[in-house]
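Just so you know, these numbers come straight off a predicted model, no measurement behind them.
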Amino acid sequence: MNASKIVINKEQKINLLIITSIIAFIFILKCLQHYTFNTHAYDLSTFDTAISNTLKLKFLYSNQIESSILSENFCTIILIYLPLYLIFNSIYWLFLSQAILVGIIFCICFKIARFYDFDIREARFIGLICIFNRRLAQGIMYNYHPEIFAIPLLLLIIYCYLKNKNKYVYLFSTLLLTVKEDMALSLIGFYIFLNKKFSLKLKTSLISFLILYFIFIIFFLIPYFGNFNNDQSWMIKARWGQFGNSKLEIFMYFITHPIFIIKSLLNSYYKLLETFYFLPVLSPNQLLMSLPYISLHTTSSFNIQSELKLYYSFGILPFIYWGAITSLAEVKSFIYKILKTKYLFINKYLISIIFVILLTTQWGWKIYLPNKDCFKQHDILQTIPKNVKISSQGPIVPHLRNYKFVKVFPYQNNFSYENADYIIINKQLDSFPVSKKELNNINETIFNSKSWKNIYNDGNIYVYKKYKFQNK
C-alpha cells in the first residue's frame with residue numbers, strides 16, 4: 001500500500017514538474033517574442049486595450065477598432081482578465097495565460113491518453129506531441145487571441161464526456177460559447193456525431209439551441225455592438241462577399257453549391273491532417289465533429305482563415321487530438337496483436353519510435369533573442385511624446401499602450417498615417433496590413449515628402465515627425 005502511494009506521488013510530481021516547465025518555457029518565449037518586436041500584434045493590442053478600457057468603464061472598448069470588440073467577435077471570456085488587470089495593468093497577463101493554457105492542454109491530453117489505456121510514460125509523450133504541434137505553436141506565437149481558451153475547454157468537454165460527467169460537459173460547453181461565436185459550430189459537430197450517452201431528443205434540443213444561439217450572435221448581437229459609423233457587415237463582405245451581397249445571399253450560395261464546399265473541405269482537411277501524418281483518419285467520428293466549424297472557415301477568401309492556419313485551427317484541434325489519440329490506441333493494439341506478448345520489448349520499441357517521430361517533427365515554437373536593433377528600438381520609443389498621434393507598425397503598437405493615440409501603420413479604420421504627428425517604421429518587422437513592397441514604397445514616399453522630417457534613420461528603423469507639429 002505504501003509502495004503504491006510512493007509511486008503515485010512520484011508520478012504526480014513528475015507531471016507537475018513537466019507542466020510547470022511547459023508554462024515557464026512558453027511564458028519566457030512569449031515575453032522574448034514581445035520584447036524583440038516579433039509578435040504580429042494587431043489582435044494583441046485590440047484585446048489588451050479592451051480589457052484596460054473596461055476598467056475605465058468603457059465596456060470592452062478597443063482603441064484599435066474604435067468600438068467594442070463585441071462588434072467583431074463575441075469573446076466575453078476575456079472579462080476573466082479584469083481582476084488581474086486591476087492588480088497590475090500589464091499586457092504580460094495575456095502571455096502568462098497563453099502559457100498556463102498550454103500547460104492545461106498537456107494535462108488534459110495526458111488524461112485522455114490514460115483513459116485509452118496508455119501507460120503513464122506513453123501518455124506524457126502524447127501530451128507533449130499535442131502541445132508541440134505546429135498548428136498550436138504557430139497560432140500562439142503569431143499573436144494573442146482568446147480562441148486559445150477553446151482548446152482546453154473542448155478537451156475538458158471531451159474528457160468529461162468519456163468519464164460520463166455530463167453536468168461538467170454542459171458547464172464547459174457554456175464557457176466555450178463565451179470564447180467566440182463560432183464555437184457554437186464546434187459544439188454542434190460534437191453533439192451531432194456522438195455515438196452514445198446522449199438521447200436523440202436531448203441531442204436535438206442541444207443542437208437546435210446552438211443553431212439559434214449562433215444566428216442570434218451573428219445577425220443581432222454583433223451588429224448591435226458595432227461601430228455605427230461603419231458598415232456592420234464589413235468583415236463578412238471582405239471574406240465571403242464574392243458569394244453574395246448579404247448574409248442571406250451568401251448562405252444560399254453555400255446551400256446551392258455543395259461541390260464547392262466539398263472541395264474546400266477536402267483541401268483544408270488534407271493540410272490540417274498532414275501535421276499528424278493522417279493518423280486521425282482512423283477515427284472518422286472524431287474527425288467529422290469538426291465539419292460544421294471547418295465548413296464556415298474553409299470557404300473564406302482570407303487565406304489564413306480558409307487554410308485553418310494560426311488561431312483559426314483552435315476550434316478543431318481538440319477533435320484532431322482526440323482522433324489522433326484513439327488512432328494511436330488502435331495502432332498500439334494492432335502491434336500487440338501482430339507481435340504477441342512474448343515480443344513485448346519489440347512492441348514497446350516500435351511504439352516508442354512512433355512517439356519520437358511524432359514528437360520531433362511537430363516542433364513549431366520559436367525562440368527570439370534580444371539584439372542591438374531591439375534595444376535601439378526601445379530607446380527610440382522613449383523619445384516619442386505621449387500626447388501625440390502615432391502611426392506605427394503592428395508589432396510596435398503594444399509597446400505604445402500607454403500613449404494617448406496609436407494606430408497601425410499605414411492605415412487603420414478611417415485613420416491614415418498622413419493624419420499622424422509621428423510615424424515609426426521598422427523594415428525588419430511584420431508589415432501587416434500591407435506587403436513588404438508596399439511598406440517600402442510608402443516609406444520612400446514619406447522620406448521624400450516635404451511634410452515630414454526624418455528624425456531617425458539607420459536603414460531599417462525610420463522615425464518621422466510632421467513639420468507643422470509642435471509638442472504642447
Side-chain angles (χ1 to χ4, degrees), residues 60 70 73-83 97 100-116 127 130 145-222 283-297 311 313-323 325-326:
L60 295 180
L70 300 182
N73 296 128
F74 188 72
C75 47
T76 52
I77 197 165
I78 67 168
L79 292 173
I80 67 171
Y81 291 107
L82 287 179
S97 70
I100 292 172
L101 290 170
V102 173
I104 293 173
I105 291 168
F106 167 83
C107 184
I108 306 169
C109 288
F110 171 85
K111 290 284 189 180
I112 294 174
R114 292 287 288 150
F115 177 84
Y116 285 100
C130 290
H145 200 286
E147 268 188 278
I148 181 60
F149 283 95
I151 300 178
L153 285 173
L154 268 170
L155 287 172
L156 281 168
I157 290 168
I158 292 166
Y159 180 69
C160 292
Y161 163 74
L162 294 173
K163 299 293 285 185
N164 291 315
K165 297 179 179 180
N166 290 344
K167 64 179 180 179
Y168 292 108
V169 171
Y170 303 138
L171 172 64
F172 293 126
S173 294
T174 303
L175 287 174
L176 183 64
L177 292 176
T178 67
V179 173
K180 197 164 172 267
E181 62 282 353
D182 53 9
M183 291 303 114
L185 300 178
S186 294
L187 286 174
I188 288 171
F190 174 73
Y191 288 117
I192 286 177
F193 292 101
L194 284 181
N195 286 329
K196 54 185 178 178
K197 300 182 184 179
F198 285 82
S199 67
L200 179 61
K201 182 178 179 181
L202 179 58
K203 286 169 63 174
T204 303
S205 300
L206 289 169
I207 292 167
S208 299
F209 167 77
L210 290 167
I211 291 172
L212 291 173
Y213 173 85
F214 181 72
I215 292 172
F216 175 73
I217 297 295
I218 293 294
F219 287 89
F220 298 100
L221 203 58
I222 289 179
S283 303
N285 215 53
Q286 285 87 339
L287 203 57
L288 288 172
M289 288 180 176
S290 61
L291 194 58
Y293 181 93
I294 289 184
S295 298
L296 172 70
H297 293 287
Y311 51 79
S313 66
F314 289 175
I316 54 175
L317 270 182
F319 299 131
I320 305 299
Y321 288 162
W322 188 15
I325 292 170
T326 55

What's the spacing between [X] [atom1] and [Y] [atom2] if we round to 0.5 Å?
| X | Y | atom1 | atom2 | answer |
| --- | --- | --- | --- | --- |
| S173 | F190 | OG | CZ | 6.5 Å |
| L176 | I151 | CG | CD1 | 11.0 Å |
| K111 | Y159 | NZ | OH | 5.0 Å |
| I148 | I77 | CD1 | CD1 | 11.0 Å |
| I217 | M183 | CD1 | CE | 13.0 Å |
| I105 | L154 | CD1 | CG | 10.5 Å |

*Listed partners of T326 passing side-chain contact (heavy atoms from CB on, under 4.5 Å), at least two apart*: Y116, S283, Q286, W322
Side chain to side chain, [X] and [Y], heavy atoms closer than 4.5 Å:
| X | Y | value |
| --- | --- | --- |
| V179 | F314 | no |
| F319 | I158 | yes |
| E147 | N73 | no |
| L79 | T178 | no |

_Which residues pass the salt bridge (Lys or Arg N to Asp or Glu O under 4.0 Å) test with E181, not counting sequence neighbours?_
none
_Residue pair Y321, I108: steps toward the side-chain contact (heavy atoms from CB on, under 4.5 Å) verdict_ = CA-CA 11 Å; Y321 288 162; I108 306 169; over 6 Å; no
Which pair of non-hydrogen atoms, one from [X] and one from [Y], has the smallest distance, and what is that distance?
| X | Y | value |
| --- | --- | --- |
| S97 | Y81 | OG-OH, 2.6 Å |
| L101 | P152 | CD2-CG, 3.7 Å |
| G315 | S186 | O-OG, 2.9 Å |
| I316 | S290 | CG2-CB, 3.3 Å |
| K163 | F115 | CD-CD1, 3.9 Å |
| C160 | Y168 | SG-CB, 3.6 Å |

*Is there a side-chain contact (heavy atoms from CB on, under 4.5 Å) between L291 and I192 once you walk through the steps?*
CA-CA 10 Å; L291 194 58; I192 286 177; over 6 Å; no
_Is it the case that the side chain of D182 and the backbone of Y293 share a donor-acceptor pair, with hydrogens and angles ignored and the cut-off at 3.5 Å?_
no
Scan the side chains in residues 205-213 for donor-acceptor partners under 3.5 Å anywhere in the protein, sequence neighbours excluded, and list what turns up.
from : atom 1 : to   : atom 2 : distance (Å)
S205 : OG     : K201 : O      : 2.9
S208 : OG     : T204 : O      : 2.7
Y213 : OH     : L177 : O      : 2.8

*side-chain contact (heavy atoms from CB on, under 4.5 Å) between L70 and L221: does it pass, once the steps are laid out?*
CA-CA 8 Å; L70 300 182; L221 203 58; over 6 Å; no
